[in-house]
Peer 1: 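If you scroll down you'll find the structure; I have some questions about it.
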Amino acid sequence: MTNRTVTIQKTFDAPIELVWEAWTQPEHIAAWWSPKGMQTTIVEHTFEVGGTWKYAMQMPDGNEFIAEGEYIRIRELEEISSQANFKPMTEGVEIQALFKKNGTKTDFIFHVVHPTEAYRIAQEKMGILNGWGSVFTRLETFLKEATH
């Protein structure tokens, strides 16, 4: 799996319960789930194993970017994993958000598991790390504002 996986690790200066809420409450997700400069609309959000989610993001050129998936694993305050598609750029991946309490902070590991190593390499060349990096910077800002 490791040769098919892109991993991002961060420590958020926020309690794990708040980071979890940011990932599970639609009104919070809409505030941070997209690269800088894009708005996110929650089309669908059923937070349970087998439940589906769909978020629409307006791109600067007016086109819509659709992120959608199905929850395959949920372990409260530990893991949220989904089969996911990010159309038109990425399809058929598994995303894994892992949370670990670190005092008053939260250690966060994010994996994007691709069907093949070649697909992972192509996604890296396309800028997957910058894209998710921008999203998690927005999450960091959201968490800071929520704790102050």
Peer 1: Sequence neighbours excluded, which residues qualify as side-chain hydrogen bond (donor to acceptor under 3.5 Å, both in side chains) partners of Ser134?
Peer 2: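 Ser134 satisfies side-chain hydrogen bond (donor to acceptor under 3.5 Å, both in side chains) with no residue once adjacent residues are dropped.
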Peer 1: Atom CD in Glu70, atom NZ in Lys54: separation rounded to 0.5 Å?
Peer 2: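 Nearest 0.5 Å value for the CD-NZ distance: 14.5 Å.
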Peer 1: To the closest 0.5 Å, what do you measure between CD (Glu68) and CD (Glu44)?
Peer 2: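 Separation between the atoms: 8.0 Å.
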Peer 1: Using the side chain to side chain contact (heavy atoms under 4.5 Å, CB included) rule, pick out the option among His111, His114, Gln123 that qualifies with Val93.
Peer 2: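 Result for side chain to side chain contact (heavy atoms under 4.5 Å, CB included) with Val93: His114.
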Peer 1: What's the separation between atom CD in Glu21 and atom CD1 in Ile16, rounded to the nearest 0.5 Å?
Peer 2: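 Taking CD in Glu21 and CD1 in Ile16, the distance rounds to 12.0 Å.
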Peer 1: So do Glu124 and Val6 actually touch side chain to side chain, heavy atoms under 4.5 Å?
Peer 2: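 Yes - at least one pair of side-chain heavy atoms lies under 4.5 Å apart.
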Peer 1: Would you say Met38 and Val135 are hydrophobically clustered, going by side-chain heavy atoms of ILVMFWY under 4.5 Å?
Peer 2: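 Hydrophobic grouping puts Met38 with Val135.
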Peer 1: If you group Ile, Leu, Val, Met, Phe, Trp and Tyr by side-chain heavy-atom gaps below 4.5 Å, do Leu98 and Phe47 land in one group?
Peer 2: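 They do not share one cluster, since no chain of ILVMFWY contacts under 4.5 Å joins Leu98 to Phe47.
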Peer 1: Between Arg120 and Asn3, what is the shortest heavy-atom contact and its length?
Peer 2: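 Nearest pair, atom of Arg120 first, then Asn3: NE-O, 2.7 Å.
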Peer 1: Do Tyr119 and Thr90 have side chains that approach each other closer than 4.5 Å (heavy atoms only, starting at C-beta)?
Peer 2: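 In contact.
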Peer 1: Testing the basics here: between Ile29 and Ala22, what is the closest heavy-atom pair and its distance to 0.1 Å?
Peer 2: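 Minimum heavy-atom separation between Ile29 and Ala22: CG1-O, 3.4 Å.
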Peer 1: Counting N and O atoms only, with roles assigned by atom type, does the side chain of Arg138 sit under 3.5 Å from a partner on the main chain of Ala31, one being a donor and the other an acceptor?
Peer 2: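 Such a contact is found between Arg138 side chain and Ala31 backbone.
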Peer 1: Please report the closest heavy-atom contact between Phe142 and His28, naming both atoms and the distance.
Peer 2: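 Heavy atoms only, the tightest pair is CZ-ND1, 3.3 Å.
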Peer 1: Would you say Met89 has more than 12 foreign heavy atoms packed within less than 6.0 Å of its CE?
Peer 2: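 Atom CE in Met89 is not crowded, with 12 or fewer foreign heavy atoms closer than 6.0 Å.
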Peer 1: Cluster question for you: counting only ILVMFWY and a side-chain heavy-atom cut-off of under 4.5 Å, with indirect links fine, are Val113 and Ile72 together?
Peer 2: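 Each belongs to a different hydrophobic cluster.
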Peer 1: Assess whether a salt bridge exists between Lys144 and Glu140, defined as any Lys/Arg side-chain N lying under 4.0 Å from an Asp/Glu carboxylate O.
Peer 2: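 Result for this pair is no, no salt bridge flagged.
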Peer 1: Angle between ring planes, Trp53 versus Tyr71, binned at 30° and 60°: parallel, tilted or perpendicular?
Peer 2: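 Tilted, since the angle between the ring planes falls between 30° and 60°.
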Peer 1: Are Phe99 and Val49 linked, directly or through other ILVMFWY residues, by side chains that come within less than 4.5 angstrom of each other?
Peer 2: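 As far as the 4.5 Å side-chain criterion goes, Val49 and Phe99 are connected within one cluster.
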Peer 1: Can you see which heavy atom on Val112 is nearest to which on Phe110, and at what distance?
Peer 2: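 Closest pair (atom of Val112, atom of Phe110, distance): CG2-CE2, 3.4 Å.
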Peer 1: Considering non-hydrogen atoms only, spot the tightest contact between Ile66 and Ala56 and give its length.
Peer 2: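 The answer is CD1-CB, 3.8 Å.
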Peer 1: When you compare the side chain of Phe12 with that of Thr147, does any pair of heavy atoms fall below 4.5 Å?
Peer 2: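 No, their side chains stay 4.5 Å or more apart.
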Peer 1: Do Trp33 and Leu129 sit in the same hydrophobic cluster, where Ile, Leu, Val, Met, Phe, Trp and Tyr count as joined when their side-chain heavy atoms come under 4.5 Å apart?
Peer 2: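 Result: yes, single cluster for both.
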Peer 1: Is a side-chain N or O of Thr106 found less than 3.5 angstrom from the main chain of Ala14, in a donor-acceptor match?
Peer 2: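 Here the side-chain-to-backbone pair exists.
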Peer 1: Identify the heavy atoms of Asn85 and Gly92 that sit nearest to each other, and give their distance.
Peer 2: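 Between these two residues, the closest heavy atoms are OD1-N, 2.7 Å.
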Peer 1: How long is the gap from OG1 on Thr5 to CD on Gln96, to the nearest 0.5 Å?
Peer 2: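 Between atom OG1 of Thr5 and atom CD of Gln96 there are 7.0 Å.
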Peer 1: Strictly distance-based, threshold 3.5 Å: is any side-chain N or O of His45 a donor or acceptor partner for the main-chain N or O of Thr24?
Peer 2: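 Checked: pair present.
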Peer 1: Please report the interatomic distance CD(Gln39) to CD(Gln58), rounded to the nearest 0.5 Å.
Peer 2: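 The distance works out to 9.0 Å.
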Peer 1: May I ask you to decide if the ring planes of Phe136 and Trp23 are parallel, tilted or perpendicular, using 30° and 60° as cut-offs?
Peer 2: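 Geometry flag for Trp23 against Phe136: tilted rings.
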Peer 1: For the atom pair CG (Asp13) and CG (Leu18), what is the distance rounded to the nearest 0.5 Å?
Peer 2: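 Asp13 atom CG to Leu18 atom CG measures 10.5 Å (nearest 0.5 Å).
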Peer 1: Starting from the C-alpha separation in whole Å, work towards a yes-or-no answer on salt bridge (Lys or Arg N to Asp or Glu O under 4.0 Å) for Arg4 and Glu94.
Peer 2: CA-CA 10 Å; Arg4 299 184 290 125; Glu94 180 178 327; over 6 Å; no
Peer 1: Within a reach of under 6.0 Å around NZ of Lys10, are more than 12 heavy atoms found that belong to other residues, nucleotides or ligands?
Peer 2: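 Check passes, neighbour count above 12.
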